[in-house]
Amino acid sequence: MIILKILLFCLLAILGAAVLYVLFLIINGLFVDKTREYEKDSPYFRALLNSGTWCAKFFARVRIQAEGFEKIPEGRFLLVGNHRSKFDPIITWYILRHNQLAFISKPENFKIPFYGRIIRRCCCLSIDRDDPRSSLQTIYKAADLIKNNAVSIGVYPEGTRSQNCVLLPFHNGVFKIAKKANVPIVVVCTQGTEKIHINFPLKRSHVSVKVTDVIPAEYVQSHKTEEIGDRVRESLLECLNANDEAVSTECCISVK
């Protein structure tokens, strides 16, 4: 009976702390202008983002195997990779929590309560892929953020999550960010994030995140975006096919 009381007390304490933490994030989010795109990263809100990603990883019981991140050069960069789950940027933020990484994301993500405001304050950018002119302006803004040493930028060339774990066609225009900012491209292959929402809360999820290529700025400047896209795609497919996951049906479950 005493053990049950202790367990109940611990559970209530954890739930209470979680509620207080969420309220704390909501209050902080009220100080962010949801209509503004920020040009400087906020150390305070970056710390909130990092704590939030740690909490998401902890409570979702995610175990991460990171490989090749020592290849990332000093300074700013453009990070690109495959996209399987809403957890992809969260896991990447957790691994690169000291690199001030800001993602380009769809407008809906900026409407998520308190989370949307926090990522906005960390220089994340909204992109409307249905409006070519607006998309081009987002690419210019992302390049300026890198050039001004505000943040590094992360983007998924597929433009959306792959629902069947097969690498989708690329929007090669995103590689213009690296061209205009004159920075290297870091290619990251992510596997296992599509299973997190299936395993939660009963099973632990194992996620693999690997840097498969670092494309030098000199190569980026001397090649067309289509050629860069081909190199990125080849690097990702090689990683995915190594475990036969590019064509596997095991993970082909809705990720909605």
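When a residue number appears, it is its place in the shown sequence, counting from 1. On a predicted model such as this, the values are computed, not experimentally measured, just so you know.
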Heavy-atom side-chain proximity of Val214 to Ile185 below 4.5 angstrom: no
Side chain to side chain contact (heavy atoms under 4.5 Å, CB included) between Phe114 and Ile27, worked out: CA-CA 8 Å; Phe114 69 85; Ile27 293 172; over 6 Å; no
Atom pair OG1 (Thr212) and CG (Leu240), whose distance is rounded to the nearest 0.5 Å: 8.5 Å
Any side-chain heavy-atom pair of Arg233 and Leu167 under 4.5 Å: yes
Heavy-atom side-chain contact between Thr53 and Ile91 under 4.5 Å: no
Lys111 atom NZ, over 12 foreign heavy atoms within 6.0 Å: no
Mutual orientation of the aromatic rings belonging to Phe103 and Tyr156 [parallel < 30°, tilted 30-60°, perpendicular > 60°]: parallel
Heavy-atom donor-acceptor pair, Lys179 side chain to His223 backbone, under 3.5 Å: yes
Donor-acceptor under 3.5 Å (Glu194 side chain, Arg84 main chain): no
Donor-acceptor under 3.5 Å (Trp93 side chain, Leu101 main chain): yes
Atom pair CG/CD1 of Asn109 and Ile112 - distance to nearest 0.5 Å: 4.5 Å
For Asn199, side chain to side chain donor-acceptor pair (under 3.5 Å) partners two or more places apart: Ser205
Test salt bridge (charged side-chain N to carboxylate O under 4.0 Å, His left out) applied to Asp128 - qualifying residues, sequence neighbours left out: none
Common cluster, Tyr219/Leu236, ILVMFWY with side-chain heavy-atom separation under 4.5 Å: yes
Salt bridge (charged side-chain N to carboxylate O under 4.0 Å, His left out) partners for Lys57, two or more places apart: none
Reported OG-to-CD distance for the pair Ser42 and Gln100, which is rounded to 0.5 angstrom: 11.0 Å
Arg161 side chain to Ser85 backbone, donor-acceptor under 3.5 Å: no
Main-chain N/O of Leu237 paired to Asn241 side chain as donor or acceptor, under 3.5 Å: yes
Check: Lys210 main-chain N/O paired with Glu67 side-chain donor or acceptor under 3.5 Å: no
Check: Lys106 side chain, Ile127 main-chain N or O, donor-acceptor pair, under 3.5 Å: no
Enumerate donor-acceptor pairs with a distance under 3.5 Å from any side-chain N or O in residues 137-147 to protein atoms, sequence neighbours excluded.
{"from": "Thr138", "atom 1": "OG1", "to": "Ser126", "atom 2": "O", "distance (Å)": "3.2"}
{"from": "Thr138", "atom 1": "OG1", "to": "Ser134", "atom 2": "O", "distance (Å)": "3.2"}
{"from": "Lys141", "atom 1": "NZ", "to": "Glu37", "atom 2": "OE1", "distance (Å)": "2.7"}

hydrophobic_cluster_shared for Val19 and Phe59, side chain cutoff 4.5 Å: no
Backbone N/O of Val166 and side chain of Ser162: donor-acceptor pair under 3.5 Å: yes
Qualifying residue, where the test is salt bridge (Lys or Arg N to Asp or Glu O under 4.0 Å) with Asp41 and the options are Arg121, Arg46, Arg76: Arg46
Common cluster, Val207/Phe200, ILVMFWY with side-chain heavy-atom separation under 4.5 Å: no
Side chain proximity check, Ile95 to Val209, heavy atoms < 4.5 angstrom: yes
Side chain to side chain contact (heavy atoms under 4.5 Å, CB included) between Val211 and Val187, worked out: CA-CA 6 Å; Val211 174; Val187 185; over 6 Å; no
pair Phe24-Leu48: side-chain heavy atoms closer than 4.5 Å: yes
Arg120 side, atom CZ; Phe45 side, atom CZ - distance, nearest 0.5 Å: 12.5 Å
Min side-chain heavy-atom separation Phe170-Val80 under 4.5 Å: no
Distance flag, aromatic centroids of Phe110 and Tyr115, threshold under 6.0 Å: no
Interatomic distance, Thr160 atom OG1 to His171 atom NE2 [nearest 0.5 angstrom]: 8.0 Å
Donor-acceptor pair, side chain of Arg61 and main chain of Leu202, under 3.5 angstrom: yes
Residues forming a side-chain contact (heavy atoms from CB on, under 4.5 Å) with Ser208, sequence neighbours excluded: Gln191
With sequence neighbours excluded, residues passing side chain to side chain donor-acceptor pair (under 3.5 Å) with Arg231: Asp213
Heavy-atom pair with the smallest gap, counting every atom of Cys122 and Val151: O-CG1, 4.1 Å
Pairwise side-chain contact, Pro184 with Ile215, heavy-atom cut-off 4.5 Å (strictly under): no
Leu49 reachable from Leu23 in the ILVMFWY side-chain graph, under 4.5 Å edges: no
Side chains of Tyr21 and Ser51, donor plus acceptor under 3.5 Å: yes
Under 3.5 Å side-chain donor-acceptor pair for Thr190 and Asp88: no
Test log, rule side chain to side chain contact (heavy atoms under 4.5 Å, CB included), inputs Ile72 and Leu96: CA-CA 10 Å; Ile72 298 179; Leu96 294 174; 3.9 Å; yes
Within-4.5 Å side-chain heavy-atom neighbours: Ile118 and Leu25: yes
Criterion side chain to side chain contact (heavy atoms under 4.5 Å, CB included) on Ile104 and Ile153, from CA distance to verdict: CA-CA 7 Å; Ile104 294 177; Ile153 293 293; 4.0 Å; yes
Cys239 versus Cys189, closest heavy-atom pair with distance: SG-SG, 2.6 Å
Any donor-acceptor N or O pair under 3.5 Å, side chains Asn50, Tyr94: no
Heavy-atom donor-acceptor pair, Gln221 side chain to Glu218 backbone, under 3.5 Å: no
Other residues, nucleotides, ligands: >12 heavy atoms within 6.0 Å of Glu39 CD: no
Atom pair CZ/CG of Arg117 and Asn28 - distance to nearest 0.5 Å: 11.5 Å
